[in-house]
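FYI, side chains are in, hydrogens and waters are out, and symmetry mates aren't considered; it's all heavy atoms of this structure. Numbered from 1 within each chain, the chains take letters A, B, ... in sequence-line order.
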Amino acid sequence: MRMTSLFLRTLRDDPTDAEVESHRLLVRAGCIRKVASGVYSWLPLGSRVLRRVEQIVREEMDAAGAQEVILPIAQPLELWERSGRDAAYGPLMFRLQDRKETGFCLSPTAEEVVTTTVAAEYSSYRDLPVNLYQVNWKYRDELRPRFGLLRAREFLMKDAYSFDVDVEGLGVSYQEMYDAYHRVFTRCGLTFRSVEGEAGEIGGDVNHEFMAVAAVGEDDFVWCKQCDYAANVEVARRSAEHPAHHAVVPAADAAPVEKVHTPQLPGIAGVAEHLGAAASELLKCIAFDVDGELGLALVPGDREVNEFALARAVTPRKARLYTDDDFAARPALPKGYIGPGYEGAVLVVADPSVRAPRGWITGANEVDHHVRHVRLDRDFRVDVWADLVTIVSGDPCPNCSGPLSVDRGIEVGQVFQLGTKYARALGAFYTDERGDQHPMVMGCYGIGISRVVAAVVEEHHDEHGIAWPAALAPFDVHLVVLPGKGDAADEVRRTADALYDALRGAGLEVLYDDRDASPGVKFADADLLGMPVQLTLGAKGLARGIVERKVRASGERNELALTDDVLTVGPGELRAAVGARDAWSG
RNA sequence: CGGGAUGUGGCGCAGUUUGGUUAGCGCGCAGCGUUCGGGACGCUGAGGCCCCGGGUUCAAAUCCCGGCAUCCCGACCA
């Protein structure tokens, strides 16, 4: 593609609304343009990248035995009412009405449609298993779209759905997808981890999230440096061997409960400092609502409560941490001075580390007062013991007790064992050998394709611009010609044209900067646009019979002899000399 | 859902406080000339419903009211 005819305008100025590098660079490089909040147009360069990711996904899905379909984006709301997800999604779903005022939504995902589709066609164990996938635009009316493509309202997603006769079959389908995902993200050049994810309201089902490691990610995940344990912080646990569980009782803690005056000190840090104690010596009591009543969650003062863990601990009841409104509605509850023995609490949940036989400093259930030497059993009770603390770096791994590490990631994919929820709700049953009916056992598997593009830029860029991995780059080679105005100008152009033809003849996709622009502009754009290999031909090089080669990512440079290496050799040799895609994608 | 801001040629902004001729600047765009290996320079030029709708006024980008859009912050560890 000649740049003189490419639909492209690069920007020298950063767009004001870009908070993260991927957003900034994709806009500056002319890959995307915002049309509305969280809605983007994909211009030629961006579109090519998107298609390449899509193609990789398609190849791996097909290789794993999944079959491509195209499901509707506009879906009848009635289907979502049947599964109960209409209410579950609420305002997060884009909604519309047709002229007859029938409700529709723009698909955020497609379990309902695919389940009814399979139910309509298949009804025998002989038909299963089957795995259907699509690559299609999805919609979520995010409260707050941000970070460009990372949290958009319209995004391209691959979603696959497997249907099996039983849980064993589901396990096989799941593993095939899990392995395919590893291949996809590896081919895309991402540094990623697969981690155990939050199962959500369904409960007990296996699922993994694929996290591209990135500081701008919106998810924290935990991984072990010694074994293969890895989990979203929402579900991460630590070993019961934690030293805090076996704290020695200081002699003084046999002392009776003592009330101390702690004026204007509603926080852990202030109380600890005031009393000369460590935060870990305090017992933190967090108020939560459990089906309209008051519950207390107990963790050591230096830890935070994991809300998801709390929710799991009280299942099937629903738990939610108190908000300012809740406190306002219960003025007797002394926020900041709550102790574990508060009379109004119907349920006390505690992390095992609270079991340590020691005296605690905690709230006195009276404003401006705390108490010390408070002991479990003697001074307060616990109704439910459950892992409650949010994992932090250094906590012991639940598998091997090795040190855990916490990192941020961008969730680029998720695989989920759904079970029979949708099959039952939407009537996807099959008949077995004996004529008995059973619900199909489902799995669902998503990849955020447009989000992968952003995640790749987050990982592969520098101060000059994007450095696309070869497998995703819009073009394999960026050819820059610098004809100058000297006597050789025409010959430089002619030679570059010939080189352009030769490269394309060798099967390479070439972006040819044939514009009448100054060298600085061309070099700056080449670095911004980020093709993996840059070739520069100028009058000086032509005089010496060479073309310069630069590897975008590493900055490595060398020279290729025009006659021997480039213009007169065969396609295979030319590809090798240029070192483009096949030397990179592996 | 609360709080804060911003809307002015394609992009980035000034002008608004204190209303007053033809609304400016940088980048980009077009033409001519110079330049030609890391975002060159000169001259000339095109391009603006100043977000939308009301209102005040002799006069509104500017003041008032109401919308819309966009961006940021907060969602909570007691």
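Residue A:D324 contributes atom CG, which lies 15 Å from atom P of B:G74 at whole-angstrom precision. Note: OH (A:Y40) to P (B:U70) measures 11 Å, nearest angstrom. Rounded to an integer number of Å, the gap from CG of A:L143 to P of B:C71 is 13 Å. Distance A:R320 CZ to B:A75 C1': 13 Å, rounded to the nearest Å. Protein atom CG of A:D14 is 17 Å distant from nucleotide atom P of B:C71, rounded to whole Å. When rounded to the nearest whole Å, the span between CZ of A:R24 and C1' of B:G12 equals 14 Å. The CG atom of A:L265 sits 16 Å away from the C1' atom of B:C77 (whole-angstrom rounding). The interatomic distance linking A:D17 (CG) with B:C13 (C1') rounds to 15 Å, in whole Å.
The base-pairing partner of B:U16, taking Watson-Crick or G-U wobble contacts with both distances under 3.5 Å, does not exist among the strands shown. Under the Watson-Crick and G-U wobble criteria, each requiring two contacts below 3.5 Å, nucleotide B:A5 is paired to B:U70. Under the Watson-Crick or G-U wobble criterion, with both distances below 3.5 Å, B:A75 is left unpaired in every strand shown. In a base pair of the Watson-Crick type (N1 to N3 plus N6-O4 or O6-N4) or a G-U wobble (N1-O2 and O6-N3), with each distance short of 3.5 Å, B:U57 is matched with no nucleotide. Look at B:U22: it lacks any Watson-Crick or wobble partner with both distances under 3.5 angstrom. Under the Watson-Crick or G-U wobble criterion, with both distances below 3.5 Å, B:U62 is left unpaired in every strand shown. Nucleotide B:C36 forms no Watson-Crick or G-U wobble pair with any nucleotide shown, as no partner meets the under 3.5 Å limit on both distances. The pairing partner recorded for B:C29 is B:G45, the criterion being a Watson-Crick or G-U wobble arrangement whose two distances lie under 3.5 angstrom.
Rounded to whole Å, the separation between the C1' atoms of B:G3 and B:A14 comes to 28 Å. Separating the C1' atom of B:U70 from that of B:C11 is a span of 16 Å, rounded to the nearest Å. Only the P atoms considered, B:U35 is 16 Å distant from B:A40, to the nearest whole Å. Across B:A69 and B:U8, the matching P atoms stand 16 Å from one another, rounded to whole Å. Taking atom C1' on both B:G39 and B:C27, the two are 11 Å apart, rounded to the nearest angstrom. When the P atom is compared between B:G47 and B:G42, the two are found 23 Å apart, to the nearest whole Å. When the P atom is used for both B:G54 and B:G12, the distance is 28 Å, rounded to whole Å. As rounded to the nearest Å, B:G67 and B:U21 have C1' atoms that lie 33 Å from one another.
If you check every strand for non-hydrogen atoms under 4.0 Å, A:Y322 touches a base. In this structure, A:S37 reaches the sugar-phosphate backbone alone: every heavy-atom distance under 4.0 Å involves primed, P, OP1 or OP2 atoms, never a base. As judged by a 4.0 angstrom heavy-atom cut-off over every strand, A:I268 is placed among residues touching the sugar-phosphate backbone only. Within 4.0 Å (heavy atoms only), A:T16 reaches sugar-phosphate atoms of the nucleic acid but no base atom.
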Close N/O contacts between protein and nucleotides 3-9 of chain B (under 3.5 Å):
none

Can you pull every protein N or O that's under 3.5 Å from an N or O on nucleotides 47-49 of chain B?
none

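Of all the residues in residues 272-290 of chain A, A:K284, A:C285, A:I286, A:A287 reach under 4.0 Å from RNA chain B with at least one non-hydrogen atom.
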In B/S/- notation (B base, S sugar-phosphate only, - none; protein heavy atoms under 4.0 Å), nucleotides 29-42 of chain B written 5' to 3' is S-----BBBBBS--
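With hydrogens and angles left out, the side-chain atoms of A:D351 and A:S353 include a donor and acceptor closer than 3.5 Å. Between the side chains of A:N232 and A:E411, no donor-acceptor pair is found at a separation under 3.5 Å. No hydrogens or angles considered: nothing links the side chains of A:D289 and A:Y322 as a donor-acceptor pair under 3.5 Å.
At a threshold of 4.0 Å, the pair A:R151-A:E142 counts as salt-bridged, since one of the basic side-chain nitrogens sits closer than that to a carboxylate oxygen.
For A:Y342, there are no ring pair (Phe, Tyr, Trp, His ring centres under 6.0 Å) partners, not counting sequence neighbours. Not counting sequence neighbours, the partners of A:R48 by the side-chain contact (heavy atoms from CB on, under 4.5 Å) test are A:P474, A:F475, A:E509. For the ring pair (Phe, Tyr, Trp, His ring centres under 6.0 Å) test, residues two or more places apart in sequence or in another chain that qualify with A:H369 are A:H261. In this structure A:D141 satisfies the salt bridge (Lys or Arg N to Asp or Glu O under 4.0 Å) test together with A:R153, sequence neighbours excluded. Applying the side-chain contact (heavy atoms from CB on, under 4.5 Å) criterion to A:E463, with sequence neighbours excluded, gives no partner residue.
We find the CD-CD1 distance between A:E458 and A:I410 to be 5.5 Å, quoted to the nearest 0.5 Å.
In this structure, A:K138 is not positioned above the aromatic face of A:F155 in the sense of NZ or CZ being under 6.0 Å from the six-membered ring centre and within 45° of the axis. In this structure, A:R355 satisfies the cation-pi test against A:W385, with its NZ or CZ atom closer than 6.0 Å to the six-membered ring centre and inside 45 degrees of the ring normal.
The 5' end of RNA chain B is approached more closely, in terms of each residue's nearest nucleotide, by A:R146 than by the other of A:R146 and A:T390. RNA chain B is contacted by both A:G38 and A:G301; A:G38 maps to the nucleotide lying nearer its 5′ end (nearest heavy atom per residue).
For the residue pair A:A279 and A:I268, the shortest heavy atom distance occurs at CB-CG2, 3.9 Å.
The stretch residues 479-502 of chain A participates, sequence neighbours left out, in these salt bridge (charged side-chain N to carboxylate O under 4.0 Å, His left out) pairs: A:R2-A:D497, A:D501-A:R504. Residue pairs meeting the ring pair (Phe, Tyr, Trp, His ring centres under 6.0 Å) criterion with at least one member in residues 288-313 of chain A: none, sequence neighbours excluded.
Proximity of A:R549 to A:R557: side-chain heavy atoms (C-beta onward) are nowhere separated by under 4.5 Å.
In this structure, of B:C72, B:C77, B:U70, it is B:C77 that holds the atom nearest to the side chain of A:E307.
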Which pairs would a plain distance check flag for residues 515-523 of chain A, meaning a side-chain donor or acceptor within less than 3.5 Å of a matching protein atom at least two apart in sequence or in another chain?
| unit_1 | atom_1 | unit_2 | atom_2 | d |
| --- | --- | --- | --- | --- |
| A:R515 | NE | A:D513 | OD1 | 2.9 |
| A:R515 | NH1 | A:D525 | OD2 | 3.2 |
| A:R515 | NH2 | A:D513 | OD2 | 3.0 |
| A:R515 | NH2 | A:D525 | OD2 | 3.0 |
| A:K522 | NZ | A:V481 | O | 2.7 |
| A:K522 | NZ | A:D513 | O | 3.2 |
| A:K522 | NZ | A:R515 | O | 2.7 |

